[in-house]
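Input: a single structure, listed below in structure tokens.
Values reported hereafter were calculated over all heavy atoms of this structure, with side chains retained and with hydrogens, waters and symmetry mates removed. Protein chains get the first letters and strands the later ones, always in sequence-line order, with residue 1 at the start of each. Keep in mind the model is a prediction, meaning the values are calculated, not measured.
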Number of protein chains: 2
Amino acid sequence: MATLTLPDQLNAAQRWCVTRGEKLTDIRRDVLSLLLSHGHSMKAYDILSELQQSRPTAAPPTVYRALDFLLQVGLIHRLDSLNAFVACPEFALPHHHGVLLVCENCHGVTEIADAPWMSHLTDAVAALGFTPGHQELEIKGLCSACQKTNPGAPA
Amino acid sequence: MATLTLPDQLNAAQRWCVTRGEKLTDIRRDVLSLLLSHGHSMKAYDILSELQQSRPTAAPPTVYRALDFLLQVGLIHRLDSLNAFVACPEFALPHHHGVLLVCENCHGVTEIADAPWMSHLTDAVAALGFTPGHQELEIKGLCSACQKTNPGAPA
DNA sequence: CTTAAATTTGTTACATTATAACAAATGGAA
DNA sequence: TTCCATTTGTTATAATGTAACAAATTTAAG
């Protein structure tokens, strides 16, 4: 996995949007850039605070609109369990069935793309007549780093 | 699956709490009763409104405290994707690894207890050094009923 | 080029979801 | 009874997210 620089990541995102007939405007790029450069997940109002460093007039809708767009085109994920957002490092993978491992302690996120057992899950669910939507599963727990410093936290 | 009456469900919950050294107080029982009798998921402030029919002085902390308690003892689940709560019909099952199928259209919830592929998932995740917490997976999508009335809604 | 339409952004206000903080009441145990 | 722990009442406020409409910008058409 070649680690791209931030400008390269942004350029790739730009191309991804154009391919889909969408525009990565300045605001949207700025929000994505914040998420990419942080690496970990961010809350909407934290993004807003940082965005206001360069855009003093930014307001909640400014951020939420950009986040909604980035979610639509698949450049970021929303973490329902944290009310937070994280950049998706693998946005260009086709039929991307991801699992997000969310650490309850440090709020770090590890993404697993195309896990082999994922198809078992979607098959079993489909057999019940249920059609999964965006297939991003969120599993809460403790990452390996936090288990060491935090012995015995969840169940 | 024997379908218990509401009083029987509440009594079973009562015993479950006592077993764990906890008390199912009046308020907690009332909140659980609302969730059980509704069957589908409810938002905290909807629970509050209904609770205020019988307890006019109930305030947000009244409901959130009861919900926190019921979550702790495993009598209910929180649906992160809806900011809602639902009664757990299988709270007494040991080592309960559940999957919640959440319909994005009708907000109905189907719970799968002890699915066979669940162990594959936890094993694979554990192999990465991640320790899952409460193992309640939430899968958003469309239930079979809503697929018929809602052709082509999510992806 | 100019006009019209569509999209994006600015701005204000508000809706929804959840918690902090502290006082009062309740229930057991010493 | 007296003390302590737990639960509940109460007020206020924090955190998260959206509605509604105006202004600006971009795109496409004539």
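- Across C:dT8, D:dG17, D:dT6, the shortest atom-to-atom separation from the side chain of A:Asn83 is found for D:dG17.
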For this session: Given ring-ring contact (aromatic ring centres under 6.0 Å, His included), test B:His120 with A:His120 step by step and report yes or no.
Result: CA-CA 9 Å; B:His120 299 196; A:His120 298 194; 5.7 Å; yes
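- The nearest whole Å value for the distance from the CG atom in B:Leu67 to the C1' atom in D:dT8 is 15 Å.
- Each of B:Lys23 and B:Lys43 was matched to the nucleotide of DNA chain C holding its nearest heavy atom; the match closer to the 5' end belongs to B:Lys43.
- With 3.5 Å as the limit, one finds no donor-acceptor pair spanning the side chains of B:Glu138 and B:His77.
- Both A:Leu101 and B:Ile139 are assigned to one and the same hydrophobic cluster, defined by single-linkage of ILVMFWY side chains at heavy-atom distances under 4.5 Å.
- A:Ile112 and A:Val86 are members of different hydrophobic clusters when ILVMFWY side chains are connected at heavy-atom separations under 4.5 Å.
- Protein atom CZ of B:Arg20 is 16 Å distant from nucleotide atom P of D:dT6, rounded to whole Å.
- Within residues 44-54 of chain A, no residue has any heavy atom under 4.0 Å from DNA chain C.
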Within the sub-3.5 Å range, which N or O atoms of nucleotides 9-11 of chain D have a protein N or O partner, and how far apart are they?
from	atom 1	to	atom 2	distance (Å)
D:dG9	N7	B:Arg65	NH1	2.9
D:dG9	O6	B:Arg65	NH2	2.3

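- For the pair B:Leu71 CG and C:dT19 P, the interatomic distance rounds to 11 Å; values are reported in whole Å.
- A straight line from CZ of A:Phe69 to C1' of C:dT8 spans 11 Å, rounded to a whole angstrom.
- Contact annotation: A:Arg78 side-chain N/O to D:dT16 OP1/OP2 distance is not under 4.0 Å.
- Contact check, A:Tyr64 against D:dT18: no side-chain N or O comes under 4.0 Å of OP1 or OP2.
- Whole-Å rounding puts the A:Leu70 CG to C:dT8 C1' distance at 14 Å.
- Here C:dT16 presents its C1' atom at 16 Å from CG of A:Asp80, a figure rounded to the nearest Å.
- When each of C:dT9, D:dG17, C:dT17 is scored by its nearest atom to the side-chain atoms of A:Arg28, the top-ranked nucleotide is C:dT9.
- To the nearest 0.5 Å, the span separating CG on B:Leu75 from CZ on B:Phe69 amounts to 7.0 Å.
- Whole-Å rounding puts the B:Glu22 CD to C:dG28 P distance at 14 Å.
- By the rule that hydrophobic residues join a cluster once side-chain heavy atoms approach within less than 4.5 Å of another member, A:Leu137 and A:Leu100 end up as members of separate clusters.
- A pairwise comparison of heavy atoms in B:Gln52 and B:Ala58 identifies NE2-O, 2.8 Å as the closest pair.
- A donor-acceptor contact closer than 3.5 angstrom is absent between the side chains of B:Ser33 and B:Asp30.
- A donor and an acceptor atom, one from each side chain of B:Asp46 and B:Ser49, are nowhere located under 3.5 Å apart.
- Atom pair B:Met42:CE and C:dT16:P shows a separation of 16 Å (rounding to whole Å applied).
- You'll find that the side chain of A:Thr25 is closest to C:dT9, out of D:dT26, C:dT9, C:dT19.
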